[in-house]
Structure formats: C-alpha cells, structure tokens
Amino acid sequence: MSKASMVVDKDFRTAEIDKRIYGSFIEHLGRAVYNGIYEPGHPSADEDGFRKDVIELVKELGVPIVRYPGGNFVSNFFWEDSVGPKENRKPRLDLAWRTLETNEFGIDEFQKWCKKTDSQVMMAVNLGTRSTKDALNLLEYCNLDTDTTYAKMRREGGHKEPYNIKTWCMGNEMDGPWQVGHKPAAEYGLLAAETAKAMKIMDDSLEFVLCGSSNIMMPTFPEWERITLEEAYDYVNYVSLHQYYGNDAGDTADFLASTLDLEEFIHTVICTIDYVKAKKRSDKQINLSFDEWNVWYHTMKSDNEKMAREPWDRHPHLLEDHYNFEDALLVGLILITFLKHADRVRIACLAQLVNVIAPIMTEDDGPAWRQTIYYPFLQASKYGRGYALQCPLTGAVHDTSKHSDVSDVDATAVWNEEKKEVTVFAVNRSLTETVDFSCDLRSFGNVKVVKHTEMAGYNVNAENSAASDTAVAPKDSSDHSLDGGRLDVHFKPLSWNVIVCSAE
Ligand code: AHR
C-alpha cells in the first residue's frame with residue numbers, strides 16, 4: 001500500500017470558483033442537436049420539440065453555460081438561415097462535417113432550450129467565412145431592442161425580449177489549417193480585435209473569448225497566443241484552450257498522466273498572457289476559457305471514413321464515442337486540474353453535451369442515458385462550488401511510458417462556505433496500489449463525513465449503455481475514519497473518490 005497526504009485549510013483560498021467551469025458545448029454536428037436535444041416526434045418531446053428526458057439530465061448535471069453553434073461548424077454558419085418561420089428556412093451544406101444542415105433548429109430555438117435547462121448561451125461568431133459586419137448583425141438580432149433591421153426581425157419572429165447573451169467567442173480554432181477561413185495569427189488577431197471593439201460599442205456589457213491554440217501540439221503554439229494577444233489584448237477577456245485526449249496505445253498508466261500535459265498547457269498560456277500584459281504595461285487581467293475538453297478518439301477513424309464515403313447526410317451518427325471507466329478517471333483528473341487553476345480558468349466547456357463526444361446519449365425514439373464520464377462531471381458540478389483551496393499534497397510517484405514523476409494520487413478540495421461543506425476530490429491513478437490517504441481538515445473544526453463515494457473496481461474498458469447507465473457509476477463507501485479533524489481513507493487502485501464533509 002502506498003501513502004499520500006494532503007492539508008486542506010479553509011484560509012488558503014485560491015479563488016472563488018466561477019461556476020462556468022462546469023459549462024458544456026452543443027455544436028451542429030451529428031446528432032447533438034437533431035435527435036439529441038431536439039426530436040419533435042419523440043415521446044418525451046415538449047411543445048417546442050425538445051426532448052424532456054435530455055433536459056432533465058442536463059439540469060441534473062447543472063450546466064451553467066453552453067457554447068453554441070460550433071466548433072468548426074461556426075466557420076461557415078450563416079445565422080440568418082436559422083431564424084424566421086421554419087417553413088422558409090433553407091438547407092445549407094455544412095463544410096466542417098460534410099453534412100446537410102436543415103436549419104430547422106437555430107438561434108431562437110437554442111436560446112429557448114437554454115432557458116429550459118437553466119443555462120446561459122455562450123455564442124460563437126463566424127470569423128472564418130464572414131466579417132465584423134455579420135457579427136454585429138447577429139449581436140443586434142440577439143441583444144438589442146432598437147427599431148433597426150435585425151432587432152426588429154427578432155421581435156417580428158415572436159421573440160420580444162432581447163436575449164442578453166454576454167459571452168461571445170471570436171470564431172473557432174482559427175489557428176487550425178482545417179478551419180474554413182483559417183488565418184495567420186496577426187490577421188486573425190486584428191479581425192478579432194476590431195470585431196470585439198465594434199460589438200462592445202453596440203453592447204458594452206459583453207465579454208469576448210479570443211481563439212487560442214487548438215491543442216498544445218500545434219506548431220504555432222504559443223506564438224499564436226502572443227501574436228494574437230498583441231493585436232487584441234485591450235478588447236478581449238479570455239483566451240480559449242482546446243484539448244482532447246486519447247488512449248490509442250492502450251496504455252492506461254500513460255493516458256492517466258495526460259493531466260501533466262494539461263498543467264503545462266495551462267501554465268504556458270497564463271505565462272504568455274501575462275508576458276503580453278507586461279509588454280503592454282496593462283492593468284487588465286485576461287483569463288482562460290477552456291472551451292473544449294474531453295476524451296475523443298474512440299470513433300475518430302471510422303468518422304473520417306464515413307465523412308469521406310457518405311457526405312451530405314442529415315444528422316448522421318458522428319463522434320459518438322462510447323466512454324469507458326478509464327475515460328471517467330481522466331475526466332475526474334481534468335476537473336481536479338481546473339479546480340487547482342480556478343483563479344485563471346474561469347470558463348470551461350466539456351465538449352460536448354449530447355451524443356457527440358458527450359456525457360449524455362440518446363437513442364432515436366428511445367431513451368436518453370448517462371455515459372461513464374457523466375458521473376465525475378456531475379459530482380464536480382454539484383460539490384465543486386465555492387472556494388478553490390490550495391492543498392499541499394505529498395505522496396508516492398511513478399513513471400509511465402512518456403511521463404515521469406506522476407503522482408499516484410491527484411487531489412484537491414473545495415470549500416462551500418454557504419453550505420458549510422468541504423469536499424475532497426481525488427483520483428488514484430495507480431493500476432495496482434491502494435493508497436492510504438490522510439487528509440488534515442483541522443481548520444474546519446468538528447467535521448463529519450456526510451457523503452463518501454468511490455468509482456472503483458471496474459475493468460478499464462467497462463462502459464454504460466442504454467440498457468444500464470449505472471453499470472459504471474459511483475457507489476457509496478464507508479471506508480474512512482475521522483480522528484480530531486484528520487480524515488483517513490483508502491483509495492482503491494484506479495478510483496475516483498469524492499468525500500463531502502460538513503464543518504461547524
Ligand atoms: O468538438 C468537436 C470539434 O473539435 C469542434 O468542432 C472543433 O472546434 C474541435 O476541433
């Protein structure tokens with residue numbers, strides 16, 4: 001048995017957690033929208049054609065913000081196609097995913113759906129094939145109440161109240177050569193700056209996300225961030241980060257070490273932002289919007305073949321990764337990493353939410369169900385609200401095929417002052433060792449364990465299904481002891497652990 005220990009002190013606050021780190025993402029891709037959140041003929045469909053079973057699961061997850069409508073899709077999105085009477089809406093070719101977009105569901109429907117799920121919209125504008133002018137028109141449509149063309153168009157469509165969408169993404173992955181309308185860094189930086197500047201004149205309550213690198217391996221990283229920020233620093237509030245992980249090699253130990261790369265990614269982006277800040281002698285702090293993250297690899301090869309073979313299908317099955325137990329462990333590790341950086345990571349979007357690399361799956365005309373990754377996200381979203389704490393952690397380390405000094409246990413804690421609850425989140429990455437974990441909670445006075453769950457004991461490849469979406473899920477545990485504010489727990493090999501304690 002190996003050992004680890006952590007000190008949790010309520011005075012060592014890093015930041016108040018921005019609840020938007022539990023955000024997610026819906027793109028017009030595959031069955032995310034059609035037969036995902038929207039399926040008019042479904043037995044659970046409401047008066048708008050929204051699946052109520054999906055709405056219930058999204059509400060259970062507690063997703064405060066949802067990015068829309070893409071992703072790569074946004075770079076050739078003509079928002080005007082997606083509004084107005086449905087019978088007049090024209091289909092268009094979606095060049096990102098080589099499918100046919102019917103435009104049956106658009107800006108107004110998404111706004112309405114977000115209201116029903118208690119989430120805000122995070123809107124992306126098309127800076128691939130379109131311009132500042134089109135972004136301004138969309139903003140006028142969404143947020144203004146003036147007697148001008150686009151605000152009137154919204155009202156005439158039956159949407160009297162402006163949507164007040166606050167957070168806007170300046171395009172998507174503009175560093176990527178695959179992006180329709182990809183641009184060199186300086187050109188994109190200038191376009192993003194001018195677009196944000198003009199949009200802020202129209203509505204000065206807005207905040208903007210500048211496209212950072214599409215992943216840490218991009219050859220232009222981190223020069224892309226430096227150059228674009230030198231153009232846009234004064235006009236934007238966040239830099240985006242995107243990262244997906246995979247285990248093609250079937251190397252669980254190394255896969256679970258991926259959050260070391262994530263740490264490096266976050267650290268480098270913070271350093272680059274702060275370098276430009278210093279260079280500009282600016283007082284303004286720019287933060288991080290990790291607006292696409294997840295495991296994504298199970299279906300990549302077959303999806304690429306399908307898009308090449310059968311283009312221009314309507315809502316085909318694409319990116320429908322079925323997640324297993326080790327994917328859930330990595331999702332838990334990623335959430336722990338975001339909590340550790342809660343002072344700078346202010347928005348994060350699990351990509352995506354329904355059917356497309358998603359925690360929630362649906363069967364056409366059938367049930368909605370929870371994937372393995374649903375559970376760590378649910379528990380972090382539920383118990384990870386309040387103050388992020390800096391928690392010194394010591395313990396055994398191991399090496400993997402591509403990483404050294406990987407801690408057996410990664411863990412952190414969150415203090416919810418309102419509920420007087422402190423929650424410890426921990427993953428034991430070790431494939432073989434149970435870890436004897438000791439946690440010093442003395443600063444919280446007389447603590448009691450009110451909930452202890454563990455997700456453990458599964459084969460790394462175990463999955464959930466429509467027939468059983470609790471096959472791989474957290475189970476209650478009582479394998480802990482408390483003595484004078486010192487919590488001792490055994491973390492099983494390969495486990496996701498959540499311990500909620502009430503404080504005085
Ligand atoms: O989430 C799937 C895709 O991944 C998004 O469209 C794109 O932004 C990223 O490459």
Side-chain angles (χ1 to χ4, degrees), residues 25-30 32-33 67-83 90-101 103 106-107 110 121-142 150 165 167-199 206 208-215 218-221 223-225 227-229 231-232 235-236 238-242 244 289 291-292 304 307 311-312 318-319 349 351-352 356:
F25 177 30
I26 288 281
E27 175 166 8
H28 280 256
L29 195 183
V33 171
R67 186 165 169 257
Y68 177 84
N72 296 337
F73 171 81
V74 80
S75 290
N76 194 40
F77 176 52
F78 289 75
W79 68 266
E80 303 87 333
D81 293 350
S82 80
V83 299
K90 303 269 183 308
R92 188 183 279 273
L93 298 181
D94 160 26
L95 302 184
W97 305 104
R98 302 190 85 212
T99 52
L100 189 86
E101 173 53 55
N103 285 305
I107 303 284
F110 189 65
V121 177
M122 178 174 178
M123 183 72 82
V125 300
N126 175 356
L127 291 187
T129 55
R130 301 195 86 184
S131 63
T132 303
K133 182 183 80 186
D134 303 300
L136 287 170
N137 295 346
L138 174 60
L139 173 61
E140 181 190 317
Y141 182 89
C142 292
Y150 299 101
I165 298 170
T167 311
W168 292 75
C169 303
M170 299 287 96
N172 178 68
E173 294 189 350
M174 299 302 294
D175 62 323
W178 60 85
Q179 200 67 216
V180 175
H182 154 73
K183 293 166 181 53
E187 190 182 324
Y188 165 69
L190 192 59
L191 177 61
E194 287 305 312
T195 305
K197 182 176 87 181
M199 288 174 76
L206 305 186
F208 300 99
V209 183
L210 182 73
C211 288
S213 293
S214 300
N215 60 69
M218 291 301 290
T220 46
F221 174 74
E223 270 297 273
W224 173 271
E225 280 74 1
I227 297 168
T228 56
L229 278 168
E231 299 292 344
Y235 306 105
V236 301
Y238 305 91
V239 170
S240 78
L241 296 85
H242 290 182
Y244 295 98
S289 171
D291 48 44
E292 283 187 39
N304 287 336
M307 283 186 281
W312 321 127
L318 284 177
L319 279 69
C349 303
Q352 298 191 9
V356 170

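We're numbering straight along the sequence, starting at 1.
Annotation for Ala186 and Ile227: closest pair N-CG2, 3.6 Å, computed over non-hydrogen atoms. Considering every non-hydrogen atom in both His182 and Asp175, the closest pair reads CE1-O, 3.3 Å. Nearest approach of Ala32 to Gln352, heavy atoms of both residues: CB-OE1, 4.4 Å. The two residues Thr228 and Ala185 come nearest to each other via the heavy atoms CG2-O, 3.4 Å. Counting all heavy atoms, side chain and backbone alike, Gly176 lies closest to Ser214 at N-OG, 4.3 Å. Of all non-hydrogen atoms in Met218 and Pro177, the two that sit nearest each other are CE-CD, 4.1 Å.
The main-chain N or O of Met307 is found under 3.5 Å from a side-chain atom of Arg98 such that the two form a donor-acceptor pair. With Lys183 contributing its side chain and Gly128 its backbone, the two residues share a donor-acceptor pair below 3.5 Å.
Residues Thr99 and Leu318 are in side-chain contact: their nearest non-hydrogen atoms beyond the backbone lie under 4.5 Å apart. Contact check for Ile26 versus Val33: side-chain heavy atoms found under the 4.5 Å cut-off. With a 4.5 Å cut-off on side-chain heavy atoms, Leu229 and Val239 count as touching. Using a 4.5 Å cut-off on side-chain heavy atoms (C-beta onward), Leu190 and Glu231 make contact. Under the 4.5 Å side-chain criterion, counting only non-hydrogen atoms from C-beta, Leu93 is in contact with Leu100. With a 4.5 Å cut-off on side-chain heavy atoms, Ile107 and Phe77 count as touching.
Taken to the nearest 0.5 Å, the CG atom of Asp94 stands 9.0 Å off from the CG atom of Asn72. Taking SG of Cys169 as the reference point, atom CG of Asn126 lies at 13.0 Å (rounded to 0.5 Å). Rounding to the nearest 0.5 Å gives a distance of 7.5 Å between CG of Asn137 and CZ of Arg130. Interatomic distance, CZ of Phe221 versus CG of Asn215, reported as 9.5 Å (0.5 Å rounding). Expressed to the nearest 0.5 Å, how far CG of Asn76 lies from CD of Gln179 amounts to 10.5 Å. Atoms CD and CG, from Glu292 and Leu241 in turn, are 11.0 Å apart once rounded to the nearest 0.5 Å.
With 3.5 Å as the limit, one finds a donor-acceptor pair spanning the side chains of Asp291 and His242. Side-chain atoms of Asn172 and Arg67 include a donor-acceptor pair closer than 3.5 Å.
Ring geometry, Trp224 versus Tyr188: the interplanar angle falls under 30°, so the pair is classed parallel (tilted spans 30 to 60°).
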Steps toward side chain to side chain contact (heavy atoms under 4.5 Å, CB included) verdict (Met174, Leu191):
CA-CA 11 Å; Met174 299 302 294; Leu191 177 61; 5.9 Å; no
One pair to check against side chain to side chain contact (heavy atoms under 4.5 Å, CB included): Met122 and Ser289. What are the steps and the verdict?
CA-CA 11 Å; Met122 178 174 178; Ser289 171; 3.6 Å; yes
Please step through side chain to side chain contact (heavy atoms under 4.5 Å, CB included) for the pair Val209 and Met170, ending with a clear verdict.
CA-CA 6 Å; Val209 183; Met170 299 287 96; over 6 Å; no
Can you check side chain to side chain contact (heavy atoms under 4.5 Å, CB included) on Phe73 and Glu101, steps first, answer last?
CA-CA 10 Å; Phe73 171 81; Glu101 173 53 55; 4.0 Å; yes
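Checked options Phe110, Trp79, Trp97, Tyr68; the residue passing with His28 is Tyr68 (criterion: ring pair (Phe, Tyr, Trp, His ring centres under 6.0 Å)). Partner of Met123 under the side chain to side chain contact (heavy atoms under 4.5 Å, CB included) criterion, out of Leu139, Leu138, Thr167, Leu206: Leu138 alone.
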